[in-house]
Amino acid sequence: MDRQKWGIGGLVFVGCMFIGGGLGSLLGSSQIGWLLGMGVGFLGMALTRLIGK
């Protein structure tokens, strides 16, 4: 598998995780924000792998 496709999925995951953590902090529950960000990040990573095929 091409290494660039893996890198893009990883960036999507980390980006979603930090956006979720930031939004959770703003709304008063950073733990829930991190968990939601990770969930969305895993889905985004899976989508980038599916689209890349």
Side-chain angles (χ1 to χ4, degrees):
M1 187 173 261
D2 190 25
R3 216 170 208 350
Q4 287 181 335
K5 292 176 187 170
W6 285 84
I8 291 171
L11 289 174
V12 168
F13 174 76
V14 173
C16 289
M17 193 173 66
F18 277 102
I19 290 171
L23 288 174
S25 293
L26 286 174
L27 297 175
S29 181
S30 61
Q31 294 89 356
I32 293 173
W34 285 108
L35 290 173
L36 288 174
M38 285 175 59
V40 172
F42 278 123
L43 291 174
M45 192 166 55
L47 286 175
T48 59
R49 290 184 186 177
L50 286 174
I51 292 171
K53 286 188 176 183

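The shown structure was predicted, so the numbers you read here are calculated from the model rather than taken from an experiment. What you see below is based on every heavy atom in this structure, not just the backbone, and it leaves out hydrogens, waters and symmetry mates.
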Linked, directly or transitively: Met38 and Val14 (ILVMFWY side chains, under 4.5 Å): yes

Ile32 atom CD1: more than 12 heavy-atom contacts under 6.0 Å: no

Heavy-atom closest contact (Cys16 atom, Val40 atom, distance): SG-CG1, 3.9 Å

Pairwise distance CE(Met17) to CG(Leu35) - rounded to 0.5 angstrom: 11.0 Å

Geometric class of the Phe18/Trp34 ring pair [parallel <30°, tilted 30-60°, perpendicular >60°]: perpendicular

